[in-house]
Amino acid sequence: MAPDDSPGDSTDALLDGLVRSAFQIMGVLTRIGAEHDLSLTQLRVLGILRDRQPRMSDLSAFLGLDKSTLSGLISRAERRGLLTRGTSPEDKRAVVVLITDEGRDLIERLYAQGREELAPATDRLDPRQRHALARLLEPLLSPPLPLTPRRPAGKTGALDS
């Protein structure tokens with residue numbers, strides 16, 4: 001095994017690549033969202049709702065937002081005509097978030113814009129490589145990592161004081 005092929009080195013290289021790509025993509029998405037008066041979180045919500053109808057509680061957990069923060073975010077999007085709330089067909093007590101036709105049109109335009117702006121990077125790969133990368137990323141992304149709060153440094157448990 002070459003010195004730079006140890007498991008720790010390959011994990012570090014992978015994490016570095018993932019973080020750098022996330023920063024590049026978030027930069028593009030933040031700029032695209034800002035052009036349409038949307039925060040990165042609002043853009044994420046629209047992207048999630050493109051092909052899902054999650055419960056408010058599931059959307060809150062997925063985004064790592066408390067319910068009141070999410071409720072305000074959804075209310076602002078409702079006023080813009082992008083989203084609406086409904087009741088779950090499975091559980092009439094549960095509230096689901098639905099994208100409107102206007103919201104769907106907007107996210108489709110933004111998705112196309114994002115694809116175009118990321119093309120200089122994605123076009124560096126041939127179609128076979130793009131397919132392989134998408135296939136390799138899937139186990140990292142599905143299911144999404146749980147959003148659990150981290151303990152502050154130095155705190156290891158209830159006995160620390």
Side-chain angles (χ1 to χ4, degrees), residues 11-12 14-122 133-161:
T11 298
D12 289 348
L14 173 62
L15 291 176
D16 183 61
L18 289 172
V19 168
R20 289 174 47 220
S21 66
F23 287 163
Q24 185 173 346
I25 292 165
M26 284 188 290
V28 168
L29 294 177
T30 298
R31 188 176 68 258
I32 289 171
E35 291 172 6
H36 297 274
D37 197 28
L38 295 169
S39 69
L40 183 58
T41 303
Q42 291 168 321
L43 194 60
R44 288 177 65 201
V45 168
L46 287 172
I48 290 166
L49 297 177
R50 215 172 130 212
D51 57 359
R52 296 172 193 84
Q53 296 179 357
R55 294 177 180 205
M56 284 282 287
S57 57
D58 294 334
L59 190 55
S60 173
F62 184 76
L63 293 168
L65 300 173
D66 63 54
K67 290 178 184 174
S68 64
T69 300
L70 179 64
S71 185
L73 191 141
I74 299 300
S75 292
R76 287 188 296 281
E78 282 179 312
R79 285 192 295 275
R80 288 183 64 180
L82 303 175
L83 304 176
T84 188
R85 296 175 221 220
T87 55
S88 169
E90 295 87 32
D91 180 356
K92 299 296 181 195
R93 298 169 295 167
V95 175
V96 294
V97 185
L98 308 164
I99 194 165
T100 63
D101 289 341
E102 185 177 341
R104 186 173 313 285
D105 290 345
L106 177 61
I107 197 60
E108 292 301 330
R109 287 194 319 270
L110 298 181
Y111 185 83
Q113 185 178 351
R115 184 179 180 152
E116 181 180 316
E117 291 194 26
L118 290 168
T122 58
L133 180 57
R135 186 177 42 76
L136 289 168
L137 286 171
E138 193 56 38
L140 297 175
L141 303 172
S142 298
L145 294 174
L147 296 170
T148 55
R150 291 182 44 96
R151 289 191 179 125
K155 299 289 183 184
T156 57
L159 299 177
D160 291 343
S161 20

Distance, nearest 0.5 Å, that separates OG1 of Thr84 from CD1 of Ile99: 11.5 Å
CD/Glu108: more than 12 non-hydrogen atoms of other groups inside 6.0 Å: yes
Side chain to side chain, Leu43 and Ile107, heavy atoms closer than 4.5 Å: yes
Audit row: Asp91, Ser88, side chain to side chain donor-acceptor pair (under 3.5 Å) steps and yes/no: CA-CA 5 Å; Asp91 180 356; Ser88 169; over 6 Å; no
Exercise: identify the closest heavy-atom pair between Phe62 and Arg44: O-NH2, 4.1 Å
From CG (Leu63) to CG (Asp58), nearest 0.5 Å: 11.0 Å
From CG (Leu73) to CG (Leu59), nearest 0.5 Å: 8.5 Å
Distance in Å, Arg31 CZ paired with Gln113 CD, rounded so as to fall on 0.5 Å steps: 8.0 Å
Check: Arg76 side chain, Gly72 main-chain N or O, donor-acceptor pair, under 3.5 Å: yes
Test side-chain contact (heavy atoms from CB on, under 4.5 Å) applied to Arg80 and Leu38, step by step: CA-CA 11 Å; Arg80 288 183 64 180; Leu38 295 169; 3.3 Å; yes
Asp16/Arg20 ion pair, N-O < 4.0 Å: yes
Heavy-atom side-chain proximity of Leu49 to Pro54 below 4.5 angstrom: yes
Heavy-atom side-chain contact between Leu82 and Val45 under 4.5 Å: no
OG on Ser21 to CG on Leu133, rounded to 0.5 Å: 8.5 Å
Over all atoms of both residues, closest heavy-atom pair of Gly47 and Arg52: O-NH1, 4.3 Å
Over 12 foreign heavy atoms within 6.0 Å of CG, Asp101: no
Shortest non-hydrogen contact from Leu70 toward Met56: CD2-O, 3.4 Å
Derivation of the side-chain contact (heavy atoms from CB on, under 4.5 Å) call for Leu18 and Leu140: CA-CA 10 Å; Leu18 289 172; Leu140 297 175; 4.1 Å; yes
Residues Glu78, Arg85; criterion side-chain contact (heavy atoms from CB on, under 4.5 Å); working and verdict: CA-CA 8 Å; Glu78 282 179 312; Arg85 296 175 221 220; 3.1 Å; yes
Distance (rounded to the nearest 0.5 Å) between Leu110 CG and Leu29 CG: 9.5 Å
